[in-house]
Amino acid sequence: MTAADKLHFEVCVAEILKEEYKNGENIGTYMEKRLHRTLKRFFESDEANHEVSVGPYIADIKRDNEIIEVQTGSFYPMRDKLRYYLGETDFHITVVRPLPHIKWCIWIDPVSGEVISRKKSPKRFRPKDIMRDWYYLSEFIGSERFTLKFLLLEEEEYRFLNGWGKGKKRGSKRYERVPLSLIEEEIFSGAEDYMQFLPDSLGDTFTASEYMKKMKLTSFGTYSALNILCTIGLIEKGEKQGRSYVYKRK
């Protein structure tokens, strides 16, 4: 990630905002959200390569021998599409997932539309924090034609104060995610990129509970991570010792 990349991202943010203003659009009034539009512009400036048919599916970006899919939410809905791309085409597939590394929470009155508050969230998301969701990509991660790219962003998240509880924040509806700047990227395209999820301090053998404690993951996140590490051949699932399976480095 270079300074030029970060500047290019900010230019894309400004261009999308200018286009919305020119067309009389407001946040949340269009089908394709600003975050998604910005990321497509960042990765491919030529809109002729946006929204291109590939078999029964529409690729966010298709150019030369590459397809890029921007996924702002869970990986679960895109499994069939990725299965088709990798099984029925020769394209290299890149999945891009933005994460709010710096997030400003903006709360909106659901009736008047007035901004009630703008506060910085203490949570800084990194790829490991959504490890549970990686499970849905397990069957694709071992492919040499598959790359997973995370963009760590500074962004604003607009939410309605329409939930429950004293502050009406629990269960509230998200209105829009607005990108501000690009901070960092993390790319996973080969086994060596996944070594960060297999620290030396674990030793040559370990149980799932030992892995969960070391990596500070949830139980679902631990299962997902171990499944991925087995898929790409960094570890193997051994015999049971007591009630737990033992995993071994390969």
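Everything quoted here is computed from the prediction, not taken from an experiment.
- Taking a 6.0 Å sphere around OH of Tyr84, one finds it holds more than 12 heavy atoms contributed by other residues, nucleotides or ligands.
- In this structure, the side chains of His92 and Thr147 come closer than 4.5 Å at one or more pairs of heavy atoms.
- Counting non-hydrogen atoms of other residues, nucleotides and ligands closer than 6.0 Å to NZ of Lys6 gives a total above 12.
- A 6.0 Å sphere centred on CD of Glu192 holds more than 12 heavy atoms belonging to other residues, nucleotides or ligands.
- A salt bridge is defined here as a Lys NZ or Arg NE, NH1 or NH2 lying under 4.0 Å from an Asp or Glu carboxylate O, and Arg63 with Glu66 meets this definition.
- Crowding of Asp46 atom CG: a count of heavy atoms from other residues, nucleotides or ligands under 6.0 Å exceeding 12.
- Under the 6.0 Å cut-off for aromatic ring centres, Tyr135 and Tyr223 qualify, their centroids lying closer than that.
- Salt bridge status for Arg41 with Glu15: present, with a side-chain N to carboxylate O gap under 4.0 Å.
- Arg159 is not listed as a side-chain neighbour of Tyr175, based on a closest heavy-atom distance of 4.5 Å or more.
- Counted by atom type alone, Glu10 and Ser181 present zero donor-acceptor pairs between their side chains at under 3.5 Å.
- Aromatic pair Trp134/Phe150: centroids less than 6.0 angstrom apart.
- Residues passing the side chain to side chain contact (heavy atoms under 4.5 Å, CB included) test with Pro122: none are found, sequence neighbours excluded.
- Under a 4.0 Å N-O distance rule, the pair Arg97/Asp133 qualifies as a salt bridge.
- When side chains are defined from C-beta on, Leu226 counts as touching Ile235, because their heavy atoms get closer than 4.5 Å.
- Salt bridge Glu44/Lys62: absent, no basic N to carboxylate O contact under 4.0 Å.
- In the displayed structure, Lys214 atom NZ is contacted under 6.0 Å by at most 12 heavy atoms of other residues, nucleotides or ligands.
- Linking Ile, Leu, Val, Met, Phe, Trp and Tyr whenever their side-chain heavy atoms come within less than 4.5 Å puts Leu82 and Phe75 in one cluster.
- Between Phe197 and Phe188, a ring centre-to-centre spacing shorter than 6.0 Å is recorded.
- Taking 4.0 Å as the cut-off between side-chain N and carboxylate O, Asp129 and Lys123 count as a salt-bridged pair.
- The pair Lys40-Glu47 does not meet the salt-bridge criterion, since no charged nitrogen lies less than 4.0 angstrom from a carboxylate oxygen.
- When only modelled atom types and interatomic distance are considered, Thr2 and Asp5 share a side-chain donor-acceptor pair under 3.5 Å.
- Residues Arg177 and Glu156 are not paired through a salt bridge, judged by the lack of any N-O separation under 4.0 Å between the basic side chain and the carboxylate.
- Counting side-chain heavy-atom gaps under 4.5 Å among Ile, Leu, Val, Met, Phe, Trp and Tyr, the cluster of Leu180 also holds Ile102, Trp104, Ile183.
- His36 places a side-chain N or O within 3.5 Å of a backbone atom of Val70 that can act as its donor or acceptor partner.
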